[in-house]
K.L.:
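Following this message is one structure expressed as structure tokens.
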Amino acid sequence: MSDAKTFDQQVSDLNVVHVPWWKTGPIYQIFPRSFSDSSGDGVGDIRGIISKLDYLNNGSDTSLGVKAIWLSPIYVSPGRDAGYDVAEHTVIDSMFGTDEDFDELIAECKKRNIKVIMDMVLNHTSNMSPWFIDSRSGKTSAHRDWYIWSDPKRGGRPPNNWRSWFNGPAWTFDEDSQQFYMHTFHPEQPELNWRNPEVRAACINVMRFWLDRGVSGLRLDVCNVYFKHPDLLDNPRRLGTTVWNRQHHINSKNQPEFHGFLTDLRALLDSYPESMAVGEIFDGRVEVAASYCKKLHMAFNFDIAQQKKWHPRGFQTAISKWDNLLSDEDTWPCYFMSNHDMSRHSSRFGGEVGLDEADACAKVVAAMLFTLRGTPYVYYGEEIGMRDVEIPVDEQFDTGVVFGSRDPERTPMQWNSSSNAGFSSVTPWLRMALDFKNRNVELQESEPNSILNFYRQLSNLRSNSLALLLGNWRPLIRKPDKAMVYLREHQGKYALVALNFTNKKIRVKLDASLPVSQWLLSLSTCRPSDGNEERLEKSFELAPYEASIFGA
Ligand code: NOJ
């Protein structure tokens, strides 16, 4: 360890080590309706996104250094599930722009080294998809077997006991043909029959279409649900607190055939240089998600994002498990804390510690997200600590979902304190946060200690540190109850991360064997960056909610 390298040396080492873009991150999730409206119709669009690309990555450390944007769906859709009900998989909805706009987005992203990831929603389609319209037209139609149709059971009951995640049974009766069709989500989202080779070929063609258009990554919506048991067997019952939890969904997802499809997918992706797929593994154990990760480049881990308690032990246990499961050379973890389907983490954890402390908490979360071994995903707005917005029932768009509307986490981005927060020149499609005048990008750009500036510093630090990019991850406190402290190490380069989860001062004592004397402060929420080198001590104090990173 005496050959510990300085930060400058690490930067020059980075020039010779090639790290694929998708391992570096951050990857920034855009919910296009809510990011930036250029056309003045109250809905975000592609040209709006183009106008904000410099904010995401302007090539210097004054931006977020985003390596890729993931666009939630922008395809033609009736909008029953905010675009996750696709009618035309290869056509951009005019609400978001034109083909030319999309080409320009790809070109402008390329100039800034930003890759584009498209959301592939291929488990189901909209009921307005031409495929489904034909399928529904009669039992002998060309596309009949593209969807999952089945006769009623005796007494006209649905074919089996499967449930919809949103509400009610997973089957809807079609009067005309006297059969049921299956749907894991809304009845307006009929399930494709992935056992039909024509469906698989059509889906691969959709993916190829977007890769040919210049996209570098695919996010696979609920991909572990594609295949169902061939005999549509009932799911076994179990004890549970919700209707959904009262069965083991073993026959309606995670079928062995999915592995075979992943092999085909990987062959497709390997024919496009440095392209990648990240899987949304729906309602699954993390072991199952990890089992797909030799072929998928990454899979989302919901156990970590959905930690109920603001406590370091729960996070550390879940992270250790994920890190261990994905420790082989050919697997790679990723981390996220918020997305378009769950309450924003500033609200979740802020609700627990008190909203006054939510911003301090948000910085601890950010420091964790950017310093774990794995790609960080950032959900638009979290970098300014955006929170859920209560949407009155009569203004909700996301309806009919038994666990509650997801509109609160989908509100318009808060760019500045002008009317409509600079998101749009007119009233936005969804009401915005009341606090936007005090919480917006412009304001936080001017505050050196803002959450936004901390995200920028973290991103810059991460992309210039081999220890943070590639190093292994080792927790230094076995059963943490106040702080999480961990080490990242890569070939003689180190980063030590200390995160105080409490609103009290605490003392951390490092193991005597750690040779920390050469390790200097790289970034901190609390320690002054007055130009003086601060060396790490074996025993040191952390201020309330302090997040500090030392490196060597
Ligand atoms: C997962 C998506 O993230 C969610 O928003 C959507 O409602 C379901 N898939 C159905 O497509």
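Numbering of ligands and ligand atoms starts at 1, following listing order.
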K.L.:
Inspect the contact between Arg136 and Asp176 and indicate whether a charged nitrogen and a carboxylate oxygen are less than 4.0 angstrom apart.
P.N.:
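Arg136 and Asp176: not salt-bridged.
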K.L.:
Mark up the atoms of ligand 1 that fall under 4.0 Å of a heavy atom belonging to His124, in ascending order.
P.N.:
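That gives atoms 10 (C), 11 (O) of ligand 1.
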K.L.:
Could you tell me whether Phe166 approaches ligand 1 through its side chain, its backbone, both or neither, with non-hydrogen atoms closer than 4.0 Å?
P.N.:
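Side chain only.
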K.L.:
Which atoms of ligand 1 sit under 4.0 Å from any heavy atom of Val222?
P.N.:
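Going through ligand 1 atom by atom, the ones under 4.0 Å from Val222 are 1 (C), 9 (N).
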K.L.:
Which heavy atom of the protein is the closest neighbour of atom 5 (O) of ligand 1, given with residue, atom name and distance?
P.N.:
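Scanning the protein heavy atoms, the shortest distance from atom 5 (O) of ligand 1 goes to Asp341 OD1, 2.7 Å.
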K.L.:
Near Arg406, which atoms of ligand 1 are under 4.0 Å from a heavy atom of that residue?
P.N.:
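Listed by number with element: 4 (C), 5 (O), 6 (C), 7 (O).
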K.L.:
When you measure from atom 2 (C) of ligand 1 to every protein heavy atom, which one gives the shortest distance, and what is it?
P.N.:
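Here the closest protein heavy atom is Asp221 OD1, 3.1 Å.
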K.L.:
Record the part of Arg80 in heavy-atom contact with ligand 1 below 4.0 Å; permitted values are side chain, backbone, both and neither.
P.N.:
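Neither part.
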K.L.:
Assign the ring pair Trp415 / Phe35 to parallel, tilted or perpendicular, where the plane angle (0 to 90°) is split at 30° and 60°.
P.N.:
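Answer is perpendicular, since the angle exceeds 60°.
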K.L.:
Tell me the protein heavy atom at minimum distance from atom 10 (C) of ligand 1, and give that distance in Å.
P.N.:
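Scanning the protein heavy atoms, the shortest distance from atom 10 (C) of ligand 1 goes to Asp81 OD2, 3.3 Å.
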K.L.:
Arg219 near ligand 1, heavy-atom distance under 4.0 Å?
P.N.:
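Contact check Arg219 vs ligand 1: positive.
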K.L.:
Testing Trp210, Phe209, Phe96, Tyr84 for ring-ring contact (aromatic ring centres under 6.0 Å, His included) with Tyr75, which one passes?
P.N.:
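Only match with Tyr75 under ring-ring contact (aromatic ring centres under 6.0 Å, His included): Trp210.
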K.L.:
Could you list the atoms of ligand 1 found under 4.0 angstrom from a heavy atom of His340?
P.N.:
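By the 4.0 Å cutoff, the relevant atoms are 2 (C), 3 (O), 4 (C), 5 (O).
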K.L.:
Ligand 1 versus Phe185, non-hydrogen atoms closer than 4.0 Å: side chain, backbone, both, neither?
P.N.:
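For Phe185, the contact with ligand 1 is made by the side chain alone.
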